[in-house]
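Every chain is numbered from 1 and lettered A, B, ... according to where its sequence line falls, protein lines coming before strand lines.
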2 protein chains.
Amino acid sequence: MLKHGILGLLNYRQMTGYEIKEVFRNSLNYFWDAQTSQIYRELQTLRERGWVTDETDVPPDRANKKPFSITDEGRAELCRWLRDESVRTDTNSPLLMKTFFLGELEEGESLAFFRALRERSRESAAVLARARDAVEEYSRRIPERKKAMFWQMTRDFGVMYNEMLEKWAEHCEEMITEVEE
Amino acid sequence: MLKHGILGLLNYRQMTGYEIKEVFRNSLNYFWDAQTSQIYRELQTLRERGWVTDETDVPPDRANKKPFSITDEGRAELCRWLRDESVRTDTNSPLLMKTFFLGELEEGESLAFFRALRERSRESAAVLARARDAVEEYSRRIPERKKAMFWQMTRDFGVMYNEMLEKWAEHCEEMITEVEE
DNA sequence: TGGGTCATGTAACCTGTTACATGATTAG
DNA sequence: CTAATCATGTAACAGGTTACATGACCCA
């Protein structure tokens with residue numbers, strides 16, 4: 001998966017591994033966490049597959065920089081992946097795994113679990129609220145207005161998911177307290 | 001993660017690897033996908049850690065069955081995990097990764113993406129609707145009513161997530177068509 | 001007796017994580 | 001000059017996937 005994320009970024013422009021990491025940390029962080037070690041490794045395999053190249057016509061401004069750019073094969077692969085029907089339906093939720101077995105704990109403890117969840121949800125809501133303007137601001141500086149729309153969609157997902165999560169946690173707390181009476 | 005799922009199930013009762021697989025396939029399938037190969041491997045490491053044992057007092061009804069049961073250490077570990085604050089916030093969403101770069105495709109294609117998503121969402125909604133009664137039915141046959149409540153919560157999450165997903169997909173389709181005019 | 005499903009695995013691989021090492025460049 | 005941060009990696013591990021192998025049991 002990270003492979004295609006990297007391809008997507010290199011499709012915008014030539015980048016070094018370090019820059020890729022920065023973009024993930026600053027823009028894609030709320031739906032993907034990328035380790036530098038993995039980024040550098042993936043860049044090697046992408047190069048072996050001929051999807052990216054480190055031979056760029058624009059030489060780096062620093063000696064210790066190693067910029068990569070996407071190849072035509074890489075662009076083809078990016079589109080193939082985007083068109084691919086089989087969108088993994090993000091199964092495997094550690095959150096629900098835990099919830100499923102939460103009946104083993106005392107009422108107080110399971111209540112605390114959902115309260116902590118709501119707390120964290122509120123925190124990310126604050127982050128996402130700021131993200132809206134950041135995306136708008138950034139998109140104003142690039143030519144392709146269309147792309148910014150899809151970036152905003154991922155942020156909107158975050159907002160809606162958060163709202164849902166908070167509602168769900170509340171619902172669970174009610175279920176627990178109703179039984180307790 | 002699967003380790004603790006297995007511990008949770010063995011905490012209900014003694015089970016073979018095959019039975020564990022069946023429970024995952026029939027009850028936990030909409031939030032976790034477990035391969036048999038992994039289940040058998042995890043059972044070995046759980047045994048090595050002393051959290052489960054294959055030495056059971058109740059001998060299997062079939063020669064080729066190998067039932068496992070949870071140990072006191074296993075139960076302690078299960079509770080430790082349930083109480084653990086650091087609930088991984090399920091980052092890394094392949095769905096959003098794809099959405100982020102969807103601007104590379106034609107409007108028609110990106111619209112098709114969200115329509116397909118809504119279609120799949122409606123399908124799982126139907127499955128989850130049936131799941132409600134299944135959980136109720138099953139819980140009526142066991143003594144611990146309390147546990148069934150948490151099972152229902154995971155189903156409710158599924159329902160709410162699905163609704164959210166459908167709304168989001170609709171919202172995205174609107175964004176695309178509004179720009180297209 | 002032969003096909004289905006019950007039942008247990010092994011091996012290779014892929015993706016992501018954790019911990020660590022190291023050199024180059026820049027700002028104070 | 002020195003500390004921060006820019007920049008590139010390696011090694012070992014953990015968790016999950018894919019493909020395959022194999023034997024027991026049951027029912028028609």
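Following rounding to the nearest Å, B:His4 (NE2) and D:dG16 (C1') show an atom-to-atom distance of 16 Å. In this structure, B:Asn92 places its CG atom 15 Å from C1' of D:dA14, rounding to the nearest Å. If you take CD1 of A:Ile6 and C1' of D:dT8, they are 14 Å apart, rounded to a whole angstrom. Atom pair B:Met1:CE and D:dC13:P shows a separation of 23 Å (rounding to whole Å applied). Across the protein-nucleic acid pair, B:Met15 atom CE and C:dC6 atom C1' stand 16 Å apart, rounded to whole Å. Straight-line distance from the NZ atom of B:Lys21 to the P atom of C:dT8: 10 Å, rounded to whole Å. In this structure, B:Leu7 places its CG atom 12 Å from P of D:dG15, rounding to the nearest Å.
We find that A:Arg13 and A:Glu19 are joined by a salt bridge, their nearest charged nitrogen and carboxylate oxygen being less than 4.0 Å apart.
The side chain of B:Lys66 contributes an N or O atom lying less than 4.0 Å from OP1 or OP2 of C:dG9. At C:dT15, one or more side-chain N or O atoms of A:Lys3 fall inside 4.0 Å of OP1 or OP2 (strictly under the cut-off).
For the pair A:Lys98 and B:Trp81, the distance from NZ or CZ to the six-membered ring centre is under 6.0 Å and the angle to the ring normal is within 45 degrees.
Aromatic rings of A:Phe31 and A:Trp151 (six-membered ring for Trp) have centroids beyond the 6.0 Å cut-off, not under it.
Contact check of residues 30-44 of chain B against DNA chain D (heavy atom, cut-off under 4.0 Å) returns B:Trp32, B:Asp33, B:Gln35, B:Ser37, B:Gln38, B:Arg41.
Within the 4.5 Å cutoff, the side chain of A:Met175 has heavy atoms near those of the A:His171 side chain.
Donor-acceptor pairing under 3.5 Å is recorded for the side chains of B:Ser121 and B:Asn162. For the 3.5 Å distance criterion, the side chains of A:Gln35 and A:Ser37 fail to qualify, holding no donor opposite an acceptor.
Residues passing the ring pair (Phe, Tyr, Trp, His ring centres under 6.0 Å) test with B:Phe114, sequence neighbours excluded: B:Trp168.
Applying side-chain contact (heavy atoms from CB on, under 4.5 Å) to B:Phe101 and the options A:Leu7, A:Thr154, A:Leu82, A:Asn11 leaves one that passes, A:Leu82.
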With the criterion being N/O to N/O and under 3.5 Å, what pairs connect the protein with nucleotides 4-6 of chain D, and how long is each?
residue	atom	partner	partner atom	Å
D:dC6	OP2	A:Tyr18	OH	2.8

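Taking the six-membered ring where the residue is Trp, B:Phe157 and A:Tyr161 present perpendicular rings, their angle passing 60° and hence far from 30°.
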